[in-house]
Amino acid sequence: MHHFNYREGVLHCEDVPLREIALEVGTPCYVYSYSTLIRHFRVMDEAFSAIPHLVCFAVKANSNIAVLKALAKEGSGMDVVSGGELFRALRAGVDPERIVFAGVGKTAQEMEYALRVGILMFNVESDQELETLEEVACRLKIKAPVALRVNPDVDPKTHPYISTGLKKSKFGIAIEEIVEEYETAARLPCIQVRGVHCHIGSQITQVAPFVEALGKVLGLVDRLRGLGLDISYVDMGGGLGIQYKDESPPPPAELASAIRPLLEGRGLTLILEPGRVIAGNAGILLTKVLYLKKGRVKRFVVVDAAMNDLARPSLYGAYHAILPVEERAAGAMVADVVGPICESGDFLAQDRELPELKQGDLLAVMSAGAYGFTMSSNYNSRPRVAEVLVSGDRFWVVRERERYEDLVRGERIPRFLLSEQSS
Ligand SMILES: *Cc1c(COP(=O)(O)O)cnc(C)c1O
């Protein structure tokens, strides 16, 4: 469900025609629907209302501080994976006690930052990380709240780049070894064991992998409690998929009814870290047709957005629906939609059925609200695009388009290059 619909032949975000945004803000730009965002959050939150739970939005999916603020006002916590994301969450006014911190490479500096602000929990991914956290916490005379991230060896049946819970993955600690690691953690004076964390992957379209993972996690919780450890949180990560094309991922309510019975009466608070399912279909990338080009064997639609703006098609071969802002039936042509970047991998769609297009037409690249702007870069020295938030019939630029000056900010030419050249 989202709020991008045609009205009288013109694609709108909520009550705002997208061409109005293109006219005022320019293209390319990301456009987010506030109503969609918070609807997705509420559906997730309400699905689990019968059990103690905390929904921590995965900031890496969409880290604009207006988006974070909108979710925080709904009561969302945040899942962060870097000091920068923690900074963003705090800047958006998120209560640190609703923030969890994951990632295999947290630095001592990031740990100190998170300890000082008092986050809910570190999701620790290795023995050396645990040792470092212990050192930092002792130095600050603080007890670091932790969950260890277990790698449950569950196949989420998704793209290999976004599978994170298999034996061969860099994430988490093997389930066979983790009890020992917990015993170590429990002995460390500046570590306070609070929970178990796991996150098996992303864009998961079935309930079964979650149930399988939770089963393993709960078995672990029982063993840990048997050893006298105080486990009060089970963090099941994120990963619920969305519809990009013809997938039919389970709605949050279905996930909830599958896993709720396993949790009831256990005195555990469930943490969820959804990213894509909250933000994915709440955003689009608005772009303009620059040129139509006929190659020897293929047709190309050259648009002003590129792989640096939306990396998913190039990176994962991901499918994003592309709709004309002025409604027209697809099928008039088959073409690749490509950007201006000097790479053959720079495409937003390949061999796509499209309506007849002309120069200047506006296109909406759908389902781009998660892992869209956050994965964007300045490759080819392209300024990063503007982000716009729509609510009802109003819209706001929530991130300005970068200017050329932004591209070179922080760069310097060393003096020796400036002095007169002598030969
Ligand atoms: C990426 C990630 C998430 C969010 O994943 P989605 O598929 O966007 O829901 C949650 N938790 C962790 C630890 C992650 O790395």
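Counting from 1, the numbers follow the sequence of the chain as shown. One-based numbering, in listed order, for ligands and for the atoms of each.
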Please list the nearest protein heavy atom to atom 7 (O) of ligand 1 with its residue and the distance rounded to 0.1 Å.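 In this structure, atom 7 (O) of ligand 1 has S202 OG, 2.3 Å as its nearest protein heavy atom.
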
Any idea which protein heavy atom is nearest atom 1 (C) of ligand 1, and the distance to it? K60 NZ, 1.3 Å

What part of D79, side chain from CB on, backbone N/CA/C/O, both or neither, has a heavy atom under 4.0 Å from ligand 1?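 Side chain only.
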
Does ligand 1 have a heavy atom under 4.0 Å from the side chain of H199, from its backbone, from both, or from neither? side chain

Pairs of nitrogen or oxygen atoms closer than 3.5 Å, one from V81 and one from ligand 1: do any exist? no

Is P274 close to ligand 1, meaning an N/O of one under 3.5 Å from an N/O of the other?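 In fact, backbone or side chain, P274 has no N or O that close.
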
Taking a cutoff of less than 4.0 Å between a non-hydrogen atom of the residue and any ligand atom, is [X] in contact with ligand 1?
X    : answer
A61  : no
A370 : no
Y371 : yes

Between [X] and [Y] (salt bridge meaning N to carboxylate O under 4.0 Å), is one present in this structure?
X    : Y    : answer
K60  : D79  : no
R266 : D222 : yes
D95  : R98  : no

Which of the listed options, C198, G280, A58, holds the heavy atom that is closest to atom 4 (C) of ligand 1?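 When every heavy atom of C198, G280, A58 is considered, A58 comes closest to atom 4 (C) of ligand 1.
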
Holding to salt bridge (Lys or Arg N to Asp or Glu O under 4.0 Å), I want the full list of residues that pass it with E97, two or more places apart in sequence or in another chain.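 Here no residue qualifies.
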
With ring-ring contact (aromatic ring centres under 6.0 Å, His included) as the rule and sequence neighbours excluded, what pairs involving residues 59-94 come up?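 Counting only pairs at least two positions apart or across chains, no ring-ring contact (aromatic ring centres under 6.0 Å, His included) contact touches residues 59-94.
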
Near [X], which atoms of ligand 1 are under 4.0 Å from a heavy atom of that residue?
X    : result
G275 : 6 (P), 8 (O), 9 (O)
E273 : 3 (C), 4 (C), 9 (O), 10 (C), 11 (N), 12 (C), 13 (C)
R276 : 6 (P), 8 (O), 9 (O)

Do we see a donor-acceptor contact under 3.5 Å between the side chains of E14 and S33?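 E14 vs S33: donor-acceptor pair found between side chains.
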
For M307, which of S376, P313, S314 qualifies under side-chain contact (heavy atoms from CB on, under 4.5 Å)? S314

State, yes or no, whether a side-chain contact exists between E264 and I51 at a heavy-atom distance under 4.5 Å. yes

Nearest heavy-atom neighbours spanning V136 and A108: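 Of all heavy-atom pairs spanning V136 and A108, the closest is CG2-CB, 3.9 Å.
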
